[in-house]
Structure formats: structure tokens, C-alpha cells
A.B. asks: 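So that we are looking at the same thing, I have put the structure below in C-alpha cells.
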Amino acid sequence: MLDARFVRENTEKVMKALEQRGYETGNIAEFLKIEDGRRSLLLEVEKYRQQRNELSERISKLKRECSDVTSETQEAKNVSESIKIREERLRELDEKTKTSLLNIPNIPHESVPVGKDETENVEIRRWGEPRKFDFEPMNHWDIGEILGIIDFERASKIAGARFVLMKGLGARLERALMNFMLNVNTSKGYQEVLPPIIVNRESMIGTGQLPKFASELFTIADPELYLIPTAEVPVTNIHRNEILKEEELPIYYTACTPCFRREAGSYGKDVRGLIRQHQFNKVELVKFAKPEDSFEELESLTRDAEDILQKLELPYRVVALCTGDLGFAAAKTYDIEVWLPGQQRYREISSCSNFTDFQARRANIRFKREGKKGTEFVHTLNGSGLAIGRTVVAILENYQQKDGSVVVPKALRKYMEVETIK
RNA sequence: GGAGAGGUGGCCGAGCUGGUCGAAGGCAGCCGCCUGCUAAGCGGUUGUGGGAGUAAAAUCUCACCCAGGGUUCGAAUCCCUGCCUCUCCGCCA
């Protein structure tokens, strides 16, 4: 959520920035209209309220002197009636401005490349050499089937399409990756947390999934709750409605959770394999930082995610998303894409973003500077470190052997307790 | 699931037979005084958000005693609803 006051006072700048995202700026104009109406009505209401307060005080005083108060009471009654009518309208306008504001995306950082869609994203760096095969590399789903470690058919019997049943060393690989990644992350100062994976509406609004992206979420009807699409949601909301101390910042968290996504509108995309599932595990990195540090923190967070791939010796590249491809809440995003021999291309395995104060304002996460009055919103960041399912894909495809077996990356052997999957 | 108790400022804790209550008192914090160290003591001060205002302040004003409604001229105080916490019983991994 943007600051209403900021939008009011910097309309030109805001519109220009959001145009680069391909955002319909008519919504801003509409917001301003509602906001203006709201403010003038607020002024009116406050004037009446002041009048009412003064009258009440007078009544109280007169009563103590045992004087007659019928005329004052009558007057106050009228004033109260005026307040009531306007308050009702004010409530409607409050609601409208809030909704309007909640549906406006974040402003891209000046360092974000301008572009209309993913074709204009900019590659920042590459690491590792894609391996040269002396045989035709297989897709991970073929490898998984041959090894008997991935079972899509039975998963669809149990749950439906886009679910998977991992078995034997496949299940163990998944577990090994979770442990490996969490250990690497905690060694760098991220505190491990194990949050709820079902959350309430306020949390979803806090990080920006609601109200705009309800169709992406799995919901629970009776108590109105939501399955998380990423650990970003519960972990960022750890500090919702809190005022942090300056010296507590920055705060680093890492969490491994299942993630649930409807993938509505992605019919026909990645229909085979592990790439796009309704349920998958992901290790997440979350940071709370001071505004002046947040873009530095984004760089180090991205490096931390990259480090996992380097330790697993998987080739990847880092891409800066352009303005047109940026997520709703993000001011800047780096995608990390891992090389997949089965597809002969790089595929997203991590997405690292700085949300600046956009989520913090929604979730009301503030901090207080030493010796300064008032509070400021913190900046929130997060990134995958990494998506487990896609890491499994990358390992199976990059480490496959001619005989159909898969060599276990060195860094994982102590977790897997075997050197090859066969 | 059944039966009770409760949610007040950074913390503890009054108020809850409605009216100078943004809220007593204590602790903690800050500023000053005093005491040749430390402690004690004395005086003052210390919340958040919005709006108006200003070059910026000053200043004015509204709201906030878990959240949302209601009653009333007026609510921390009365009435509903929700959320959370605690105790007892039942059930359960």
C-alpha cells in the first residue's frame, strides 16, 4: 500500500512510475477524487465533534450547579444527529479509499530496468557452465519414473492433477534439501522459524495477496482461513502491528514450509513434471530492514540464495525483472534461474524482492529510531532460498548419468547417506 | 465441545454506581537541582495515528483504554458481536 499523503503530494511522480509498470493510472485519479471528498468530510465531522464535546462539557458543568439543561441537551441532540449522518458517509469513504489504495501496486525503484514484459528483463550475471552431455539428457519426470522416486499417477488419484507423490530416495532427497538449505541459512544468521501454514485474512492483506489475488489462494470455508502460497506470508506477519526497536534491525528469518497455489490461468503450462504444482515445499528467506539499508540487503539476500546453488554446483543466472514484469508489491526483484538440461533453458528457482515499505504499511510494521520522536515503517524483503521441488528437478536433470542413475551433489551426501540415486 | 474469569499507556496497576480520564499511583526512561563517589532525595517531563497550519516549527483540533457495532447530550465505564488469554471438565495426536 502506498502512503495516501505521498500519492496526493506527488501525483505526477506516482503516475509516471506506475505507467512504467503498465498500470492503468486512471485508478490514481479516481483515488484522488475519493480521497479529497473524504478529507473535506472529515474536516466537517471534526468540527461537529468539537461542538458536541464543548456542549457536553457545558451540560456537565450546569448539571453540577443544578441548572436547567433542556435547551443545551436539545442542541446537543441535533449536533449529534448531524455527526451520525456524516460519520456514516465518512465510513463509506474510508472504506473506498482504503480499497482503492490496496489495489494500487508498489512504485518501482529507480534502478529497475524499464520494460513492458518478461522479454525485457535484464540478465545481471551467470554462474557455472551448463554441462555437456555425451547422450541425450532426459526430462526429470522420465528420470523420476525410471528410478521409481516420483509418482504422479498415484498422486492424482489421491488429490488430483498438479500433485506429486515422492517415494524412497526421492522423498529423502526432498528432506535432505530442506535440512541442507536451512542449515546453510541459519549459519549466516537467519533465525529458523516454523510458522503456521494456514493464516487469516489480515495476514493475507498484510503481504498483499488479498484483496487482489484471491483466485490464487486455496481457502478454508468455515473458519475463513487461507493456505499460504509462500512462507513470506506467515513470516512477514510475525511482526504485524508491532513497533520494533532500531537496534533490533535488521531481522533475518528462514523457514521451510509447504506452499499452496491454485495456479488458476496456467492451464497448459508446465503440465508435466514438478515445475508447477498445487503443493510444494520451499525454504524462504525474510528480512526486516531499515529503509536506508534495504537495497543493500536485497543484494546480500540474493547472494545468499545464489550460494545454495553454488554449493550444489548447479549453473544459474540472475535476472533483474523489468518494470512491466515486477510483482504487485515489489519495488525491485531479482529472479534466479537454474539451468535445466531437460528443457535446455534457465528456469526460475528463486525470486528475491525488496518490498520497501509497501507491505509494512499494510501490515503496520514500524520501528522507532533512538532519540527520535514518532515511528517509521520498516522495509520488508524476501526470497526463496530455494524452492525445493524445482531444486529436485535441477539435480535430477543436471546430475543424471547415461545409465539413468543420478549422482548426489557433494554437499548433499551427508544428508542423503548415498552417493547415487539408482 | 461444556462451565467460569479476564483483556487499560514501555511494564505493573487503579478506575468500571456514565461527565475536566489520554486516563490516579508505582516502576522504568529523559531533563534539571542537590549530595565531593554509588545510593537515596527534590522539581519537571515522557504514547500513537489523522486533519488543519507553517519554509520548517510553534499552535489548534479529532480519534485511540483488545477489535467492530449500539444506547446516551456525553462511555475506559452500560448493551450486543467477534478475537485473544487464563482456570476447570470432556475429547484427542
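Lettering follows sequence order; numbering is per chain, from 1. In what follows, every heavy atom counts, from backbone to side chain, and hydrogens, waters and symmetry copies are set aside.
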A.B. asks: Touch check for A/N53, heavy atoms < 4.0 angstrom, all strands: base, sugar-phosphate only, or nothing?
C.D. replies: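 Since only primed, P, OP1 and OP2 atoms lie under 4.0 Å of A/N53, the category is sugar-phosphate.
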A.B. asks: If the threshold is 4.0 Å, N to carboxylate O, is there a salt bridge linking A/R347 and A/D270?
C.D. replies: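 Counted as a salt bridge, because a side-chain N and a carboxylate O are separated by less than 4.0 Å.
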A.B. asks: Under a 3.5 Å cut-off for both contacts, is B/G90 paired Watson-Crick or G-U wobble with anything, and if yes, with which nucleotide?
C.D. replies: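 Checking every strand shown, B/G90 finds no partner, since no pair has both distances under 3.5 Å.
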A.B. asks: Could you tell me how far apart A/I243 (CD1) and B/G47 (P) are, to the nearest whole angstrom?
C.D. replies: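 In whole Å, B/G47 P lies 13 Å from A/I243 CD1.
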A.B. asks: Output yes when A/R369 and A/E292 qualify as a salt bridge under the 4.0 Å nitrogen-oxygen rule, no when they do not.
C.D. replies: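 Looking at A/R369 and A/E292, the cut-off is met.
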A.B. asks: What residues from residues 200-209 of chain A pass a heavy-atom cutoff of under 4.0 Å to RNA chain B?
C.D. replies: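 Residues of residues 200-209 of chain A that come under 4.0 Å of RNA chain B do not exist, since none gets that close.
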A.B. asks: Are A/E9 and A/R5 ion-paired here, with the side-chain N under 4.0 Å from a carboxylate O?
C.D. replies: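 Yes, charged N to carboxylate O under 4.0 Å.
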A.B. asks: Pick the closest RNA chain B nucleotide for A/K47 and for A/D3 by heavy atoms, then say which residue is nearer the 5' end.
C.D. replies: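 Result of the comparison: A/D3.
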A.B. asks: Identify, residue by residue, the members of residues 58-70 of chain A with a heavy atom below 4.0 Å from RNA chain B, and return them in order of residue number, or none.
C.D. replies: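 By residue number: A/I59, A/S60, A/K63.
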A.B. asks: So does A/R8 pair up with A/E35, basic N to acidic O under 4.0 Å?
C.D. replies: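 Judged by the 4.0 Å cut-off on N to carboxylate O distance, A/R8 and A/E35 do form a salt bridge.
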A.B. asks: Considering all heavy atoms of both residues, which atom of A/G342 and which atom of A/E397 are nearest to each other, and what is their separation?
C.D. replies: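 Heavy atoms only, the tightest pair is N-OE1, 2.8 Å.
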A.B. asks: Using side-chain hydrogen bond (donor to acceptor under 3.5 Å, both in side chains) as the criterion, list what pairs up with A/T254, not counting sequence neighbours.
C.D. replies: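 Applying side-chain hydrogen bond (donor to acceptor under 3.5 Å, both in side chains) to A/T254 gives A/N185.
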A.B. asks: Looking at A/R261, is its backbone amide N or carbonyl O close enough to the side chain of A/H278 to form a donor-acceptor pair, meaning the two atoms are under 3.5 Å apart?
C.D. replies: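 Yes, the answer is positive, given that a donor and an acceptor are paired below the 3.5 Å cut-off.
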A.B. asks: Kindly point out which of B/C62, B/C73, B/G49 is positioned nearest to the side chain of A/R366?
C.D. replies: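 From the listed options, B/G49 comes nearest.
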A.B. asks: Salt bridge between A/E87 and A/R49, side-chain N to carboxylate O under 4.0 Å?
C.D. replies: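 Result for this pair is yes, salt bridge flagged.
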A.B. asks: Looking at every strand, decide which applies to A/R38 at a 4.0 Å heavy-atom threshold: base, sugar-phosphate, or nothing.
C.D. replies: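 No contact.
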A.B. asks: Taking only residues two or more places apart in sequence or in another chain, which ones pass salt bridge (Lys or Arg N to Asp or Glu O under 4.0 Å) with A/E54?
C.D. replies: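 Once residues adjacent in sequence are excluded, A/E54 has no partner under the salt bridge (Lys or Arg N to Asp or Glu O under 4.0 Å) criterion.
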A.B. asks: Taking only the side-chain heavy atoms of A/R91 (C-beta and beyond), determine which of B/A52, B/G69, B/G49 contains the nearest atom.
C.D. replies: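 So the side chain of A/R91 is nearest to B/G69.
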A.B. asks: With salt bridge (charged side-chain N to carboxylate O under 4.0 Å, His left out) as the rule and sequence neighbours excluded, what pairs involving residues 380-389 of chain A come up?
C.D. replies: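 Non-adjacent pairs meeting salt bridge (charged side-chain N to carboxylate O under 4.0 Å, His left out): zero.
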A.B. asks: Using a 4.0 Å heavy-atom cut-off across all strands, classify A/R8 as base, sugar-phosphate, or nothing.
C.D. replies: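 If one applies the 4.0 Å heavy-atom cut-off, A/R8 turns out to touch the sugar-phosphate alone, with no base involved.
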A.B. asks: What's A/Q50 touching, base or sugar-phosphate or nothing? Going by heavy atoms closer than 4.0 Å.
C.D. replies: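 Answer is sugar-phosphate: A/Q50 comes under 4.0 Å of backbone atoms only.
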A.B. asks: Any N/O pairs under 3.5 Å between the protein and nucleotides 78-86 of chain B? List them or say none.
C.D. replies:
none

A.B. asks: How long is the line joining CG of A/L41 and C1' of B/U61, in whole Å?
C.D. replies: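 For the pair A/L41 CG and B/U61 C1', the rounded distance is 16 Å.
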